[in-house]
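Just below is one structure, and these are the notes that go with it.
Just so it is clear, the structure is predicted and the values come from calculations on it, not from any experiment. As a basis for the values below, the full set of heavy atoms in this structure was taken, side chains included, without hydrogen atoms, waters or symmetry mates. The sequence lines fix the lettering, A, B, ..., with proteins before strands; numbering per chain opens at 1.
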2 protein chains.
Amino acid sequence: MEASIESGRAVQRPAIAEVLRESIRQGMLAPGQPLIQASIAEAMGVSRIPVREALHALAAEGLVTFGEDGGARVTALAPEEVDELWTLRALLESHMAPAIVRTATPADVAALRELVVAMDDLDATAWSDRNFSFHQELHRLAEMPHVGDATGRVLTMIEPYSRVAVTVLQEQSEAQAEHHQMIEALAAEDSDELARLLLHHSHRARKALLAYAAETAKPVDPQAVATAAARSLADHLGA
Amino acid sequence: MEASIESGRAVQRPAIAEVLRESIRQGMLAPGQPLIQASIAEAMGVSRIPVREALHALAAEGLVTFGEDGGARVTALAPEEVDELWTLRALLESHMAPAIVRTATPADVAALRELVVAMDDLDATAWSDRNFSFHQELHRLAEMPHVGDATGRVLTMIEPYSRVAVTVLQEQSEAQAEHHQMIEALAAEDSDELARLLLHHSHRARKALLAYAAETAKPVDPQAVATAAARSLADHLGA
DNA sequence: TTGCATTTAAGTGTATACACTGTATTCTCC
DNA sequence: GGAGAATACAGTGTATACACTTAAATGCAA
């Protein structure tokens with residue numbers, strides 16, 4: 001490979017799992033979609049070996065599932081699983097609330113407030129991206145690396161389904177209002193209130209999604225939402 | 001390798017991560033120990049490729065850490081991390097208590113009671129093994145696969161440190177007494193009491209370990225305990 | 001046209017081989 | 001004998017090649 005610093009360069013090793021993870025999280029790779037090693041390898045400009053490693057890592061995170069036939073697919077969650085994961089998210093985030101209040105500096109609060117304000121008028125897709133960052137940032141403040149990691153994994157797994165809530169169910173404005181309330185609770189150093197808000201935040205979205213799934217009488221289908229943004233992985237990588 | 005169905009046979013693929021995970025959990029591979037791909041591959045009778053995949057999967061689980069130099073080691077936890085993980089365990093297990101009480105059949109309770117009774121007179125090592133199974137069994141009853149998985153990961157990570165508590169700090173008899181109380185709470189369908197016991201169970205061990213770490217003024221050192229059982233991976237695989 | 005057998009293709013699993021990196025070791029020169 | 005340079009080594013990263021499995025497609029016979 002003669003030093004092509006340009007576009008077509010091979011993605012460097014640690015980035016492979018990263019790209020796949022982000023593609024799954026953002027719904028570009030829809031649940032259930034087969035992940036063919038050779039295709040991914042070609043799209044990334046590497047051999048299958050590092051791709052396999054990334055797939056195995058993602059499988060350990062739960063984002064990818066290997067079937068009995070050996071083939072890997074983006075993990076598809078049953079409605080009960082989505083329900084369970086939203087509940088788990090509520091538990092973990094509210095657990096971190098006291099630590100977040102304890103360690104957040106005024107500068108941290110100001111930065112978060114700025115982030116939330118900047119989210120006020122975004123469309124569903126852009127808002128969802130920032131929403132993920134906002135919560136990640138909140139977790140970081142708790143200074144609980146393992147709880148934060150576990151929560152991040154859960155957030156990543158439910159993100160495609162979360163986007164359904166935002167896009168189809170118009171959860172965005174309510175969620176955004178709650179974000180503002182969280183900032184105020186944080187500024188007031190009211191950890192009980194922050195915990196309450198975080199619990200409510202997740203459970204409201206959880207219930208809305210569950211009702212939606214029951215109503216449409218079929219598994220929660222993020223694919224319907226993803227389709228709009230669905231491009232091939234190669235396209236995504238080419239960007 | 002000419003069809004030696006005997007001892008030295010190659011370990012089949014999915015078993016590689018399994019064997020490593022168990023070896024780490026049981027303290028046979030001590031925290032901080034380098035995991036040399038070629039050595040593991042040779043010990044298992046496979047090439048480095050499947051070993052790499054297993055290591056990456058374990059890294060995604062947090063059991064293995066890749067250094068900046070690329071080398072993998074068994075993850076070593078700082079005392080604060082052990083503290084955090086024991087607290088997380090307490091949170092997750094108590095969260096499952098109501099579901100466990102709800103779904104456990106009399107037969108389940110009887111089986112668990114039998115398991116606990118059988119643990120009454122075991123030595124520290126054998127007791128620790130069964131202890132892990134007991135808690136896993138409890139989690140299984142909750143029928144919350146994702147919470148159960150997360151909890152299992154936490155249990156696995158802290159297991160080497162848990163063995164310190166059992167071996168050095170003589171936690172076994174108190175823990176065992178609590179196990180009996182859990183069975184009674186379960187039989188009485190008292191989920192509040194079960195949750196309380198599970199919380200107490202973890203937090204007592206957590207505090208004991210923390211005090212021990214502070215006392216010995218150095219990182220919690222499971223190696224001291226592991227040394228007794230320390231054999232090479234090859235020895236372990238040969239068994 | 002349908003049922004079955006045969007072939008083909010698509011995919012995975014993994015062993016081997018080679019390139020690269022950092023470190024330890026040895027050798028040389030002073 | 002000691003400091004520095006050159007070498008050897010121990011490891012990792014990954015591309016290639018090949019064996020194996022499964023499922024689809026094709027062709028043949030009834």
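Judged as a side chain to side chain contact (heavy atoms under 4.5 Å, CB included), and not counting sequence neighbours, the contacts of Thr75(B) are Thr65(B), Leu77(B). Residues satisfying the side chain to side chain contact (heavy atoms under 4.5 Å, CB included) test with Arg89(B), not counting sequence neighbours, are Trp86(B), Glu93(B), His135(B), Val154(B), Leu155(B), Ile158(B), His201(B), Ser202(B). With sequence neighbours left out, the side chain to side chain contact (heavy atoms under 4.5 Å, CB included) criterion links Ala124(A) to Val166(A), Thr167(A), Gln172(A). For Arg140(A), the salt bridge (charged side-chain N to carboxylate O under 4.0 Å, His left out) partners are Glu137(A), not counting sequence neighbours. Taking Ala54(A) as the reference, Ile16(A), Ala17(A), Leu20(A) meet the side chain to side chain contact (heavy atoms under 4.5 Å, CB included) condition, with sequence neighbours excluded.
For dA15(D), one of the phosphate oxygens OP1 or OP2 lies less than 4.0 angstrom from a side-chain nitrogen or oxygen of Ser47(A).
What separates CD1 of Ile49(B) from P of dA17(D) is a distance of 15 Å, to the nearest Å. Rounded to whole Å, the distance from CD on Glu53(B) to P on dG13(D) is 13 Å. One can place CD of Glu42(B) at 14 Å from C1' of dA10(D), the figure rounded to the nearest angstrom.
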Review item, nucleotides 8-12 of chain C N/O atoms under 3.5 Å of protein N/O:
unit_1  : atom_1 : unit_2   : atom_2 : d
dT12(C) : OP2    : Gln37(A) : N      : 3.4

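For the pair Glu143(B) and Arg102(B), the salt-bridge criterion is not met [side-chain N within less than 4.0 Å of a carboxylate O].
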